[in-house]
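These notes are about the structure you will find just below.
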Amino acid sequence: MQELILILDFGGQYTQLIARRVRECHVYSEVIPWNTPLADILARNPRGVILSGGPSSVHDDGAPRIDPALYEAGIPVLGICYGMQLTALLLGGSVERAKEREYGRVTVRMKDQTGLLGGMKSASSCWMSHTWQVSACPDGFRIIAETDNCPVAAMINEEKKICCVQFHPEVTHTEDGTMLIRNFLFRYCDCSGDWTMSAFAETAIAQIRETVGDTGTVLLALSGGVDSSVVAALIYKAIGSRLTCVFVDHGLLRKGESDQVCHVFSHLFPVRFIRSDAADRFFADLKGITEPEEKRHIIGRDFIEVFKKEATALGKMDYFAQGTIYPDVIESGQGTNAAVIKSHHNVGGLPKELGFTELVEPLRMLFKDEVRALGETLGLPRELVWRQPFPGPGLAIRIIGEVTPEKAEIVRESDAIFREEIASAGLDRHVNQYFTVLTGIQSVGVMGDERTYDYTIALRAVTTDDFMTADWARLPYDLIARVSARIVNEVPHASRVVFDVTTKPPASIEWE
Ligand code: XMP
């Protein structure tokens, strides 16, 4: 039976990170809502339960509470921040407003470096973010860490294996945070850490076979991106050519990408592969369109229509496969009210439009980096698996103004040069996203003895953890110089190169 850690989510900013840290220790973990009934939690037979942080105060009316019987169930518990305060309150301790709110890196003094805090520095820099704190431990607990402002920075009931910390071990700013999580998993929860990607692949393949049965057929929209490619490889391993992949080529992919997708899925994973070459249609419909949202809308609409036409021609299939990944699942469960800055090309409605009720989503429980690791385990090419993110509308939103096949060629060629140089400088794993933009600006230049009036190419390169905020990458000048020289020499109609030095916010990563 697979070892499982359940994380009860109280709405903390870092809950997903807790799950990632646990999985990095090769123990499978899942995030579930804080109000999941205790019986459901116990039915999953978890090795341990982690209570996350959250925005509420335990004293608020209607603040999230759990059934205190959890603490008597013989399952080790780790309470973090709100999870600690809730544990203190439910077990008879007290929680008070801190004299000074602690936010950011704080030095925590560890008073007991056995057990939970084993291996951590005696004065360790930890990430704190709290207004409330435990002022008196419940019976049976002892204090194992403190800060200048927080007398109970960690407490433990060894006998019941209930561990609590006010700081956040899951964030990388907590220097020995992973050590603490490891201690919880391996010293208290008795985990062995046997969760690997090949174990995951085996289970996922068996599950797909069971769902689809001996004769069922599956349809997949293959974009060539990491997620849909990994789904295709996994389902191919489960059911072979009963998987049909439809690849709509809108003519706005990066250089060589379309051929690579065709090669991989006709040779390495020989699924039933339909390539729909629809570039002419997309370019025709984008003619004269300059507004970014309108471009997105047209591309999304055309994609659905082309896909539908191909799917209809194939006849009835039983299941529709999708590359939904865990952050999508967690986020859709929480619902956000964030303003729509860009309507991302979204084909989520596709299965419904095609009349599918049965979905196969084998990556639903994986984070992006786990999807990549799975792709490698399955034998997909490294350059496909480690691909940087690429927007659904493709190069169309990297061409300012009207999109034409000629402009697509300029941005595609310049982008290929930029990617090549970044890779040969060994920076492709360090810069999270990098590409060129065909700005709408033309400028005067001189080439040979001729006056030119050609396009300005912008280089965009960012470092980011989550793509919600980003910093511009400090690329070496020599690299920028090489890229610039190559672009103006090798790409017809590119006569000037500029480097974008704007952070997000206020700019976005893409230019449109
Ligand atoms: P922005 O430009 O919003 O980009 O800062 C954040 C991330 O989202 C990608 N992006 C898109 N992805 N369809 C997509 O599938 C889109 O329309 C789209 N627009 C931006 C962008 O490449 C970056 O990774």
Side-chain angles (χ1 to χ4, degrees), residues 221-231 247-255 257-258 261 282 285-286 289-304 306-307 322-325 327-328 331-332 336 338-350 363 367-369 371-372 384-401 403 408 411-412 414-415 418-419 422 428-439 458-473 500-512:
L222 191 61
S223 69
V226 181
D227 303 340
S228 65
S229 298
V230 173
V231 171
F247 171 55
V248 175
D249 187 352
H250 53 28
L252 293 157
L253 292 175
R254 285 170 290 197
K255 188 172 181 178
E257 216 162 52
S258 175
V261 176
F282 281 85
D285 289 348
L286 286 168
I289 307 296
T290 54
E291 213 281 313
E293 284 298 276
E294 212 179 332
K295 289 182 188 175
R296 283 188 168 82
H297 176 76
I298 291 171
I299 293 170
R301 182 204 64 200
D302 278 7
F303 182 92
I304 290 180
V306 174
F307 189 89
Q322 289 199 142
T324 316
I325 66 171
D328 308 332
E331 268 147 34
S332 65
T336 66
V340 176
I341 309 291
K342 298 177 185 186
S343 58
H344 282 195
H345 167 58
N346 184 354
V347 291
L350 198 52
L363 309 182
F367 290 110
K368 189 80 182 188
D369 42 357
V371 172
R372 295 190 203 274
L384 193 160
V385 164
W386 289 101
R387 220 167 240 178
Q388 48 169 323
F390 185 65
L395 301 179
I397 56 164
R398 295 179 180 171
I399 296 169
I400 310 304
V403 177
V411 77
R412 195 172 5 247
S414 57
D415 183 70
F418 194 24
R419 284 194 287 141
I422 292 251
D428 46 346
R429 291 273 189 108
H430 302 284
V431 184
N432 305 97
Q433 198 170 5
Y434 45 96
F435 51 88
T436 60
V437 177
L438 179 65
T439 72
L459 308 179
R460 180 68 161 149
V462 296
T463 52
T464 169
D465 283 333
D466 54 11
F467 298 88
M468 306 291 282
T469 61
D471 195 4
W472 58 278
D500 181 348
V501 289
T502 333
T503 55
K504 172 184 178 174
S508 55
I509 296 175
E510 303 286 349
W511 274 37
E512 285 200 335

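Residue numbers run from 1 in the order of the sequence given. In listed order, ligands and their atoms are each counted from 1.
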(request) Assess whether side-chain contact (heavy atoms from CB on, under 4.5 Å) is satisfied between Asp465 and Asn432, documenting all intermediate values. (result) CA-CA 8 Å; Asp465 283 333; Asn432 305 97; 6.0 Å; no

(request) Inspect the contact between Asp415 and Arg254 and indicate whether a charged nitrogen and a carboxylate oxygen are less than 4.0 angstrom apart. (result)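 No, this pair does not count.
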
(message) Strictly below 4.0 Å, N to O, side chains only: are Asp227 and Lys368 in salt-bridge contact?
(response)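 Salt bridge: yes.
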
(message) Counting C-beta onward and ignoring hydrogens, is there a side-chain heavy-atom pair between Arg301 and Asp285 closer than 4.5 Å?
(response)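 In short, these two side chains touch, coming nearer than 4.5 Å.
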
(message) Just so I know, are the side chains of Arg398 and Trp511 near enough to count as touching, which here means a heavy-atom distance under 4.5 Å?
(response)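 No, their side chains stay 4.5 Å or more apart.
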
(message) For Phe435, run the side chain to side chain contact (heavy atoms under 4.5 Å, CB included) check against Ile422, Val462, Ile509 and tell me which one passes.
(response)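 Testing each of Ile422, Val462, Ile509 against Phe435, the sole residue satisfying side chain to side chain contact (heavy atoms under 4.5 Å, CB included) is Ile509.
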
Which atoms of ligand 1 sit under 4.0 Å from any heavy atom of [X]?
X: Ser508; answer: 1 (P), 2 (O), 5 (O)
X: Gly392; answer: 13 (N), 14 (C), 15 (O)
X: Lys504; answer: 1 (P), 3 (O), 5 (O), 6 (C)

Before signing off on this row, confirm whether [X] and ligand 1 have an N or O atom pair separated by under 3.5 Å.
X: Arg398; answer: no
X: Pro393; answer: no
X: Arg296; answer: yes

(message) Heavy atom to atom 12 (N) of ligand 1, shortest distance: which of Pro391, Pro292, Gly300 holds it?
(response)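 Checking each option, the heavy atom nearest atom 12 (N) of ligand 1 is found in Pro391.
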
